[in-house]
4 protein chains.
Amino acid sequence: MTSPTHAVERADARRNRELVRRTAMKVFAENGMDVSLGRIARRAGVGAGTVYRHFPSKEILLEAVPAENIDRMVAVADRWAARAAPGDALFGFLVDVIETSAGRQPVCDALAADRGRPRATLTAAARRFREALDRLLSNAKQAGAIHVDVQADDLTALISGGAVLQTTHRSKARGGWLVRLLLDGLRTPVVTEPADFRDNRGHETTTHCIVCGTPLSLRTTGRPARYCGPTCRQRAQRGRVAS
Amino acid sequence: MTSPTHAVERADARRNRELVRRTAMKVFAENGMDVSLGRIARRAGVGAGTVYRHFPSKEILLEAVPAENIDRMVAVADRWAARAAPGDALFGFLVDVIETSAGRQPVCDALAADRGRPRATLTAAARRFREALDRLLSNAKQAGAIHVDVQADDLTALISGGAVLQTTHRSKARGGWLVRLLLDGLRTPVVTEPADFRDNRGHETTTHCIVCGTPLSLRTTGRPARYCGPTCRQRAQRGRVAS
Amino acid sequence: MTSPTHAVERADARRNRELVRRTAMKVFAENGMDVSLGRIARRAGVGAGTVYRHFPSKEILLEAVPAENIDRMVAVADRWAARAAPGDALFGFLVDVIETSAGRQPVCDALAADRGRPRATLTAAARRFREALDRLLSNAKQAGAIHVDVQADDLTALISGGAVLQTTHRSKARGGWLVRLLLDGLRTPVVTEPADFRDNRGHETTTHCIVCGTPLSLRTTGRPARYCGPTCRQRAQRGRVAS
Amino acid sequence: MTSPTHAVERADARRNRELVRRTAMKVFAENGMDVSLGRIARRAGVGAGTVYRHFPSKEILLEAVPAENIDRMVAVADRWAARAAPGDALFGFLVDVIETSAGRQPVCDALAADRGRPRATLTAAARRFREALDRLLSNAKQAGAIHVDVQADDLTALISGGAVLQTTHRSKARGGWLVRLLLDGLRTPVVTEPADFRDNRGHETTTHCIVCGTPLSLRTTGRPARYCGPTCRQRAQRGRVAS
DNA sequence: TATGAATGAGCATTCATTCAT
DNA sequence: GATGAATGAATGCTCATTCAT
């Protein structure tokens with residue numbers, strides 16, 4: 001009851017809350033959203049009551065998990081905005097989000113307009129997501145890198161559809177290829193990205209291998225990649241040497 | 001005892017069976033596949049037992065409903081094959097299916113490779129669908145109307161994704177526009193369809209308004225449309241007069 | 001609607017009633033008393049409604065079947081009374097009934113005092129059974145062949161218990177042996193049956209093989225058996241020849 | 001958290017489990033094994049879920065109840081073995097078990113060879129019972145107190161049959177008398193038990209009133225009885241005085 | 001605060017019984 | 001009369017939620 005005790009207990013509680021959330025995330029991923037709370041509690045090694053202390057209803061727990069995922073995507077959006085040319089940032093982000101969301105129906109639902117009863121946590125996360133997406137989109141439009149008619153609403157729907165496409169596809173890799181092929185249809189063909197975009201650390205960036213054109217995935221740490229792999233890098237070196 | 005009596009009895013039962021199926025379809029679309037059979041029965045205005053007489057288990061009902069929908073799409077595929085140039089047939093069919101399937105998750109699931117326990121009815125329907133799709137696709141490829149790398153698997157995944165995209169989109173119309181925009185990315189730009197394709201009744205066909213380019217939906221009855229509406233038709237007439 | 005038509009229909013109906021009863025008996029024997037009426041109807045090849053026309057409730061059908069069995073036993077009792085010495089008749093009958101009733105719980109229930117709601121058909125059959133049993137018992141008592149304290153109530157309970165004993169026993173044959181062993185405990189040891197009892201056709205009778213002593217089962221047709229099989233008969237012949 | 005809290009919690013649960021088991025036992029006895037779990041729950045005054053917490057399926061409850069009863073009988077067998085002469089122990093035990101089992105069909109079923117799917121709990125209990133019975137039987141045989149041909153299988157079947165006999169009989173007392181009369185048929189008449197059997201506390205024992213011969217029930221506490229009641233005891237005293 | 005036992009509404013399914021054909 | 005479709009109460013069982021410990 002003393003202040004330190006109180007503080008300790010709080011830490012305990014927060015730790016427990018996180019434990020439950022992480023367990024729920026895992027179990028949802030493994031067994032779908034229909035798992036019973038009992039199973040989550042058992043997997044987390046806590047009593048049913050403890051789950052309820054932190055998430056007063058199943059619905060709320062069902063929100064907290066995708067909300068967290070959405071917030072992670074917002075962080076990804078911000079990194080793309082900071083690291084790549086406007087068009088590449090938008091398209092790279094879309095590919096990232098779609099790949100991450102594959103198999104997570106609730107995430108997609110949450111991005112869409114709210115259906116059913118209002119779900120505060122999720123709605124707030126979705127709003128933050130929307131704002132980040134808006135920033136990427138308006139940058140890309142200003143850079144002339146995307147079809148001018150495309151709106152943010154289109155993109156959220158596109159993300160849901162793309163995620164399902166990729167989940168549904170027999171081959172995840174091929175699904176990814178198809179998604180990129182479709183996304184390319186939204187680019188403005190004539191406008192090329194300014195060649196000299198530099199990220200906020202001063203590095204030149206590109207989204208495709210500058211030797212063979214293969215798309216590159218965004219690495220948020222380290223110097224931005226320009227080659228799809230060692231083969232192309234070597235080839236580039238040799239070419240430079242040769243000349 | 002007599003044959004007519006028998007027939008009448010059957011008609012009654014069939015009517016009820018149809019009632020249940022249609023209700024189930026509606027309820028599934030509104031509330032997802034997790035609705036209880038009790039709710040379906042209540043909505044259909046029949047007793048729980050009646051549902052069970054016609055669909056001996058929930059699983060069977062869960063198959064029967066999408067299987068029927070899939071078979072309807074197969075019929076649509078065949079009509080497109082008979083009525084339009086290869087490329088138009090494929091793309092027109094895709095748009096049709098996606099629009100029809102919007103909001104029907106189970107249909108999409110069924111088109112994909114079978115997950116979980118084998119479901120005979122559904123699998124059979126999916127196979128028929130796949131065969132029809134294969135026909136459309138190979139025709140379109142021979143006509144050079146679609147990206148050569150696209151395979152049937154890509155298209156089934158695409159259908160699922162497109163359906164979700166459209167369902168998810170705030171505006172159904174705008175969702176449709178976006179789907180068409182994405183699909184156009186799969187077309188081979190340089191190859192134009194032979195201009196003089198005629199359907200099996202000898203009519204010239206087109207899939208877009210020949211005045212303003214708006215996509216046309218396939219009418220299976222009457223003479224194939226060439227204009228998106230009276231306005232364009234009138235404009236064409238006037239133009240011809242003028243020249 | 002004419003009189004002959006009516007008569008024909010009656011014959012039809014009676015035939016159907018018998019069909020249902022016999023089917024029920026078979027199905028009860030195979031699958032226990034918990035079968036659904038639907039299964040009985042299906043096995044009989046009639047509609048559910050037809051079963052209800054003849055047996056207005058399941059309970060009534062559940063009575064009709066054991067009632068019939070009980071009446072058959074009454075007939076057996078009468079045959080024993082006519083064919084064997086009083087003591088043999090009683091004990092032979094008991095063994096017969098126990099063996100016949102093995103596996104038929106409802107029959108045993110019916111023989112006991114009525115528990116639960118009154119079941120008219122069954123009660124009447126049970127009364128007839130009781131009367132036949134009383135006749136056998138009082139004859140046996142007059143002949144001094146059974147423990148004087150034994151009453152009819154004891155015997156009905158004994159039948160139920162014996163049937164269960166035999167059903168329960170791993171080996172049906174051994175169960176029968178045990179039942180006979182127990183029954184022998186009720187005999188009055190000192191009193192021997194009059195050796196010269198003759199049945200109502202004038203034949204001498206015995207209940208055990210006169211060579212080896214094995215118990216004989218009562219054959220209601222043909223001349224009463226005195227040997228348990230051809231081996232013993234031959235042995236007896238040879239003995240007579242030899243002497 | 002603390003150990004006492006834990007213990008208390010457990011005590012609560014155990015109390016409820018016992019409540020359910022005892023209620024089930026009662027209800028099974030009254031209404032047969034076909035009662036619904038709902039009725040048991042209602043009778044016990046608990047929710048349906050509580051029944052399921054303790055007995056995860058009806059089948060398990062249907063095993064647990066007779067298994068417990070069987071184990072109680074094993075304890076009775078051991079007490080008889082310790083307290084009475086071999087023959088008396090066996091016959092006394094049989095009478096006890098039959099009386100205890102009267103009206104408990106499932107117990108009898110369980111003693112018999114396993115029919116249907118294997119039921120682990122019940123089978124284990126039946127095995128323990130069988131072993132205890134075997135001990136009593138072989139002792140009795142060595143003492144020459146029972147018909148040599150009788151086997152353990154015979155006795156389990158006999159118990160089932162005897163229980164039904166007694167249950168079925170209009171008068172429970174008379175049923176008991178009859179059962180004892182039948183059992184006496186299994187004894188070896190000539191061999192008398194050694195008169196001086198002493199139990200493991202050194203007392204002389206008998207199973208029948210040494211004055212009037214009435215059978216005595218085994219008292220597991222106190223000094224073994226030798227008279228059926230005060231009347232006979234007094235008579236014996238007087239006799240001794242007189243002599 | 002954490003635990004897990006208790007609760008009871010809800011679900012899929014069966015089945016005796018009724019009734020339109 | 002016969003048929004079998006329709007009915008709806010009941011069953012075994014689950015699970016979100018509450019609450020005593």
Side-chain angles (χ1 to χ4, degrees), chain A residues 5-6 9-10 12-13 16 34-39 41-42 45-59 61, chain B residues 1-2 4-17 34-39 41 45-59 61, chain C residues 5-6 8-10 12-13 16 34-39 41-42 45-54 56-59 61, chain D residues 1-2 4-17 34-39 41 45-59 61:
Chain A
T5 300
H6 190 68
E9 283 179 10
R10 277 221 173 150
D12 240 42
N16 246 338
D34 283 351
V35 275
S36 70
L37 286 200
R39 187 199 277 238
R42 231 171 299 124
V46 304
T50 305
V51 174
Y52 273 84
R53 168 164 302 277
H54 297 300
F55 302 94
S57 84
K58 192 186 189 184
E59 204 167 31
L61 178 57
Chain B
M1 267 285 171
T2 65
T5 301
H6 191 69
V8 166
E9 193 90 11
R10 281 236 172 128
D12 234 42
R14 200 167 353 172
R15 213 173 304 132
N16 238 334
R17 187 194 153 94
D34 283 350
V35 273
S36 72
L37 289 204
R39 187 196 278 237
V46 302
T50 303
V51 175
Y52 277 85
R53 162 167 290 275
H54 296 298
F55 303 94
S57 83
K58 193 183 189 185
E59 205 169 30
L61 179 58
Chain C
T5 300
H6 188 70
V8 164
E9 283 179 12
R10 275 222 175 145
D12 242 42
N16 247 339
D34 282 350
V35 276
S36 70
L37 286 201
R39 188 198 275 238
R42 231 172 298 124
V46 303
T50 304
V51 175
Y52 273 85
R53 169 165 300 276
H54 297 300
S57 83
K58 193 186 189 184
E59 205 168 31
L61 178 56
Chain D
M1 268 294 170
T2 64
T5 300
H6 190 68
V8 166
E9 194 90 13
R10 281 237 171 127
D12 233 42
R14 201 169 351 179
R15 213 173 304 133
N16 238 334
R17 188 193 151 92
D34 282 351
V35 274
S36 72
L37 290 202
R39 186 196 279 236
V46 303
T50 302
V51 175
Y52 278 88
R53 161 167 293 275
H54 296 298
F55 303 94
S57 82
K58 194 183 188 184
E59 205 169 29
L61 179 58

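In what follows, chains carry the letters A, B, and so on, assigned in the order in which the sequence lines appear, proteins first and then strands, with residues in each chain numbered from 1.
Summary of the strand contacts: G47(D) and P56(C) both lie near DNA chain E, and taking for each the nucleotide with the nearest heavy atom, the more 5' one is attributed to G47(D). Across the interface with DNA chain F, nearest-nucleotide mapping of S57(D) and V51(B) shows V51(B) to be the residue nearer the 5′ end. Both V35(B) and G49(C) sit near DNA chain E, but only V35(B) has its closest nucleotide nearer the 5' end. Residue whose closest nucleotide on DNA chain F sits further toward the 5' end, between R17(B) and A48(D): R17(B).
In this entry the distance linking CZ of R15(B) with P of dA20(E) reads 15 Å, nearest Å. Nucleotide dT18(E) holds its C1' atom 13 Å from the CZ atom of R53(C), rounded to whole Å. Remark: C1' of dT13(E) and CG of L61(B) are 14 Å apart, rounded to the nearest angstrom. Going from atom OH of Y52(C) over to atom P of dT18(E) covers 7 Å, rounded to whole Å. Rounded to an integer number of Å, the gap from R39(A) CZ to dC15(F) C1' is 13 Å. At whole-Å resolution of the value, CG in D12(B) and C1' in dC19(E) are 12 Å apart. Rounded to a whole Å, the CZ atom of F55(A) is 20 Å from the P atom of dC15(F). One atom, CG of L37(D), and another, C1' of dT14(F), lie 13 Å apart when rounded to the nearest Å.
Rounding to the nearest 0.5 angstrom, the gap separating the CG atom in L37(A) from the CZ atom in R42(A) is 11.0 Å. Note that OH of Y52(C) is 8.0 Å distant from NZ of K58(C), once rounded to the nearest 0.5 Å. Atoms CG and CG, on D34(A) and D34(B) in that order, are 5.0 Å from each other to the nearest 0.5 Å. Remark: N16(B) CG to R14(B) CZ distance equals 12.5 Å, nearest 0.5 Å.
Searching all strands for a Watson-Crick or G-U wobble partner of dT21(F) with both distances below 3.5 Å returns dA2(E). Figure legend. dT14(E) is base-paired to dA9(F); pairs are counted as Watson-Crick or G-U wobble with both atom distances under 3.5 Å.
Residue H54(D) has a polar side-chain atom (N or O) positioned under 4.0 Å from OP1 or OP2 of dA6(E). Contact check, N16(C) against dA2(F): a side-chain N or O comes under 4.0 Å of OP1 or OP2. Contact annotation: T50(A) side-chain N/O to dT3(E) OP1/OP2 distance is under 4.0 Å.
Closest to the side chain of V46(B), out of dT7(F), dC13(F), dT14(E), is dT7(F). When the nucleotides dG12(F), dA16(F), dA12(E) are ranked by their closest atom to the side chain of K58(B), dA12(E) comes out on top.
Across R17(B) and H54(B), no two heavy atoms sit closer than the pair NH1-O, 3.4 Å.
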